[in-house]
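These notes concern the structure reproduced below.
Atoms considered below: every heavy atom in the structure, side chains included; atoms not considered: hydrogens, waters and symmetry mates. When a residue number appears, it is its place in the shown sequence, counting from 1.
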Amino acid sequence: MTKKPSSAVTSSGARARTSPAAGEAAPASNRATRAAERRAAIVDAAMEEFIARGFAATRLDDIAKRAGVAKGTIYLHFKDKESMFEELVRTVIVPVVARLTALPPPTGSVRDLIEAFAGNFLKEVIGTRRGDLVRLIVAEGPRFPSIADFYYREVVSRGIAAMRALIELGIARGEIREKNLARYPQILVAPAMIAVIWQSLFARHAPLDAQDMLRVHLDLIFGERRAT
C-alpha cells in the first residue's frame with residue numbers, strides 16, 4: 001500500500017514549488033530600477049541636446065548617443081520628441097512651480113509673500129538649466145504651439161493663478177491700491193521674465209541685478225518701504 005505524502009511534505013513541496021516565484025521579485029525590482037535609470041538618463045540627455053541645438057534641430061540619435069542607449073530604447077519610454085520634451089518640463093520645471101505656488105498662510109504682508117515667491121523663482125531659474133529651458137520655450141514656442149500650450153497648462157497658468165490670488169488678497173487688505181492689477185497678474189511677474197530673457201541676450205553687455213529690479217518694481221506697486 002502506497003503511503004500518501006504527509007501534510008508536512010505536501011506543504012514543504014508547495015513551498016519548494018512557490019519559492020522560485022518569490023525569488024523573481026528581486027530581478028523584477030532590478031529591471032524596474034534599471035528602466036527608471038535609463039529613462040532619467042534619456043531625459044537628462046534630452047535637456048542638454050534641446051538647450052544646445054533647439055527643439056527643431058535636436059535629433060533622437062543625438063539624445064540616444066548622449067544618454068548611452070540605443071535609439072530604439074528611447075521608444076520604450078517616449079513615443080516622440082514632443083512627449084520627451086513634455087516629460088522634461090514635468091521633471092525639471094513643474095516641481096519648482098509647485099513649491100513656489102505652495103505659499104504659506106498669509107500671516108505677513110502680501111509684499112513679503114510676493115518677494116519670497118519672486119526671490120525663489122530667481123534663485124531656482126535664473127542662471128540655471130531651467131532658465132535655459134524657459135528661454136528655449138520662448139524662442140521656439142511660436143513654431144511649436146503644442147509645446148507652448150503644454151507649458152502654459154502645466155506652468156504658466158499655475159503661476160498666474162497664484163499671483164492673482166496674492167493680488168486679490170493685497171487689494172482686500174488695502175496693500176494694493178490699483179484694483180485692475182488683478183486683471184493683469186502678468187505685470188507682477190514681469191521682472192522675473194525680463195531677467196530670464198536678459199540673462200541670455202544682454203548680460204555680457206549690461207549685467208542686470210534682478211533682485212534690485214524686483215524691489216524697484218514692487219515699490220511701484222506697493223509704495224516704497226518705510227525705514228524702521
Side-chain angles (χ1 to χ4, degrees), residues 44 47-48 50-52 54 88-141 148 151-228:
D44 288 343
M47 179 165 67
E48 296 302 323
F50 284 137
I51 290 172
L88 181 57
V89 171
R90 288 192 192 97
T91 303
V92 175
I93 296 182
V94 169
V96 173
V97 174
R99 288 199 303 272
L100 295 181
T101 54
L103 296 169
T107 53
S109 71
V110 171
R111 174 168 180 159
D112 287 341
L113 290 172
I114 291 173
E115 283 185 341
F117 177 97
N120 286 329
F121 177 87
L122 294 176
K123 181 175 69 176
E124 295 271 8
V125 176
I126 301 297
T128 71
R129 297 311 247 168
R130 296 185 185 99
D132 294 332
L133 197 57
V134 172
R135 286 187 283 271
L136 173 63
I137 293 168
V138 171
E140 300 209 37
Y151 189 76
Y152 178 83
R153 290 194 308 271
E154 297 294 324
V155 178
V156 175
S157 63
R158 299 181 185 186
I160 291 297
M163 289 299 98
R164 180 176 285 112
L166 285 176
I167 292 169
E168 291 173 347
L169 179 61
I171 292 171
R173 289 182 172 182
E175 293 184 49
I176 298 176
R177 288 173 294 177
E178 179 52 72
K179 296 183 178 179
N180 283 326
L181 185 60
R183 295 171 55 196
Y184 304 105
Q186 295 89 342
I187 292 174
L188 202 57
V189 296
M193 290 307 301
I194 290 172
V196 169
I197 297 171
W198 191 277
Q199 180 70 17
S200 63
L201 294 177
F202 311 120
R204 65 185 183 276
H205 303 296
L208 179 67
D209 187 334
Q211 290 284 1
D212 194 52
M213 179 175 67
L214 172 65
R215 180 189 59 77
V216 173
H217 180 67
L218 294 180
D219 281 346
L220 294 173
I221 294 174
F222 291 92
E224 292 187 27
R225 284 190 184 276
R226 294 181 180 179
T228 56

ring-ring contact (aromatic ring centres under 6.0 Å, His included) with Phe50: which residues, sequence neighbours excluded?
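In terms of ring-ring contact (aromatic ring centres under 6.0 Å, His included), with neighbours along the sequence ignored, Phe50 is linked to Phe55, Phe85.
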According to salt bridge (Lys or Arg N to Asp or Glu O under 4.0 Å), who are the partners of [X], at least two apart in sequence or on a separate chain?
X	answer
Glu154	Arg158
Glu178	none
Asp209	none
Arg111	Glu115, Asp219

Side chains of [X] and [Y] in contact at under 4.5 Å (non-hydrogen atoms):
X	Y	answer
Leu133	Leu136	yes
Val96	Phe121	no
Phe222	Val110	yes

State which residues pass side-chain contact (heavy atoms from CB on, under 4.5 Å) with Arg204; sequence neighbours excluded, sorted by chain then number.
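Scan of Arg204 (side-chain contact (heavy atoms from CB on, under 4.5 Å), adjacent residues dropped) gives none.
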Between CG on residue Leu113 and CD on residue Glu175, distance to nearest 0.5 Å
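It is 8.5 Å, given to the nearest 0.5 Å.
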Atom CG of Leu214 and atom CZ of Phe117: how far apart are they, to the nearest 0.5 Å?
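It is 11.0 Å, given to the nearest 0.5 Å.
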Looking at residues at least two apart in the chain, or sitting in another chain, which of them share a side-chain hydrogen bond (donor to acceptor under 3.5 Å, both in side chains) with [X]?
X	answer
Asp112	Ser109, Arg225
Arg129	Glu48, Asp132
Asp44	none

Verdict with supporting geometry, Leu208 and Phe202, side-chain contact (heavy atoms from CB on, under 4.5 Å)
CA-CA 9 Å; Leu208 179 67; Phe202 311 120; over 6 Å; no
Please tabulate, for the side chains in residues 181-200, all donor-acceptor contacts under 3.5 angstrom to protein atoms that are two or more places apart in sequence or on a different chain.
from, atom 1, to, atom 2, distance (Å)
Trp198, NE1, Ala206, O, 2.7
Ser200, OG, Ile197, O, 3.1

What do you reckon, is CZ of Arg90 surrounded by more than 12 foreign heavy atoms closer than 6.0 Å?
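Atom CZ in Arg90 is packed in, count exceeds 12.
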Which pairs count as salt bridge (charged side-chain N to carboxylate O under 4.0 Å, His left out) when at least one residue sits in residues 118-128, sequence neighbours excluded?
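Matches after skipping sequence neighbours: Arg99-Glu124, Glu124-Arg130.
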